[in-house]
Amino acid sequence: MSNSYTTQGKALPDKVRQEIIEKLLNNEGIAEISRQLVLPYKSVSNIVDLWPWITTGSTKPRSPQRVGIRTARTDDVIRYTEYTKINKPSTYAKEIRQQLKKENVCLPENVPSNSCISGILKSDLGYLYKKLSVYTS
């Protein structure tokens, strides 16, 4: 779909965003709005979902909010990751993650992701992938 409003990768003009919000406030559905304005459904849906017009009346974009604060790289997590890797060098990040939960090193909602654990091994501890050798930069 293309029209005079959209350019791929560019934000919609303020007047178009305002028009979408006005139509939504007039109880028109997202699909109907997208057909009338010849816009992709997802574009209209994103404007409705990600814009703070309900509380502030603004049509300016806001960034999506993160669900929670993850404090994954605590000193305890780094020390436990190093301890685990020294005792069993072939341990995968997924196994370290499971052990962090099992041993109550951190809260279940703050357990680091597999990629975060890999980052700890590489950048914080200086370990190469699956090897116990240390590299210097």
Side-chain angles (χ1 to χ4, degrees):
M1 278 185 189
S2 67
N3 61 31
S4 60
Y5 297 134
T6 61
T7 304
Q8 190 171 1
K10 302 287 183 182
L12 287 173
D14 286 339
K15 69 175 190 158
V16 177
R17 284 188 241 126
Q18 186 64 42
E19 190 174 350
I20 290 170
I21 291 168
E22 288 170 4
K23 288 181 179 292
L24 193 69
L25 291 173
N26 289 330
N27 295 324
E28 294 183 34
I30 294 173
E32 188 177 339
I33 296 169
S34 68
R35 277 192 300 270
Q36 287 175 3
L37 299 177
V38 194
L39 290 169
Y41 179 92
K42 191 65 177 169
S43 296
V44 176
S45 176
N46 284 342
I47 289 171
V48 170
D49 292 342
L50 296 176
W51 297 60
W53 61 270
I54 294 174
T55 55
T56 64
S58 171
T59 59
K60 298 293 180 198
R62 68 168 171 80
S63 60
Q65 296 181 357
R66 294 191 178 253
V67 174
I69 298 171
R70 291 181 58 114
T71 54
R73 286 191 181 206
T74 62
D75 291 337
D76 292 337
V77 170
I78 293 171
R79 271 190 246 116
Y80 189 82
T81 302
E82 183 175 30
Y83 169 79
T84 304
K85 208 61 170 164
I86 288 172
N87 288 331
K88 187 180 174 195
S90 62
T91 305
Y92 289 100
K94 183 177 181 180
E95 295 170 314
I96 294 172
R97 187 172 191 264
Q98 291 169 346
Q99 290 173 6
L100 286 167
K101 277 192 251 183
K102 183 180 172 187
E103 300 291 330
N104 294 320
V105 175
C106 53
L107 297 172
E109 61 269 11
N110 291 337
V111 174
S113 65
N114 292 341
S115 62
C116 183
I117 292 171
S118 296
I120 289 171
L121 289 169
K122 186 175 180 183
S123 62
D124 294 341
L125 302 175
Y127 292 150
L128 296 174
Y129 181 68
K130 287 191 184 178
K131 295 182 181 176
L132 195 55
S133 61
V134 177
Y135 72 93
T136 56
S137 49

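Only a predicted model underlies this, so the values are computations on that prediction, with no experimental measurement involved. Atom set for the values below is all heavy atoms of this structure, side chains included, hydrogens, waters and symmetry mates excluded.
Atom CZ of residue Arg79 and atom CG of residue Leu125 lie 11.5 Å apart, to the nearest 0.5 angstrom. Atoms CG and CD, from Asp76 and Glu103 in turn, are 13.0 Å apart once rounded to the nearest 0.5 Å. Atom CD1 of Ile21 and atom CD1 of Ile33 lie 9.5 Å apart (nearest 0.5 Å). Interatomic distance, Ile78 CD1 to Ser123 OG, rounded to the nearest 0.5 Å: 8.0 Å. A distance of 16.0 Å separates CZ in Arg97 from OG1 in Thr91, rounded to the nearest 0.5 Å. Lys101 NZ to Leu107 CG: the interatomic distance, rounded to the nearest 0.5 Å, is 12.5 Å.
For the residue pair Gln99/Glu95, the side-chain donor-acceptor check at 3.5 Å is not satisfied.
Using a 4.5 Å heavy-atom cutoff, the side chains of Leu39 and Leu12 are in contact. Side-chain contact between Cys106 and Thr74: absent, with no pair of heavy atoms (C-beta onward) separated by less than 4.5 Å. Between Leu24 and Val48, some side-chain heavy-atom pair lies under the 4.5 Å cut-off. Contact check for Arg73 versus Cys116: side-chain heavy atoms found under the 4.5 Å cut-off.
The closest donor-acceptor contact from the side chain of Lys85 to the backbone of Pro89 lies under 3.5 Å.
The minimum heavy-atom distance between Ala31 and Tyr41, with the atom names listed, is N-CE1, 3.6 Å. Looking at every heavy atom in both residues, Ile30 comes nearest to Ser45 through CG2-N, 3.9 Å.
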Evaluation steps, side-chain contact (heavy atoms from CB on, under 4.5 Å), between Val16 and Ile47: CA-CA 10 Å; Val16 177; Ile47 289 171; 6.0 Å; no
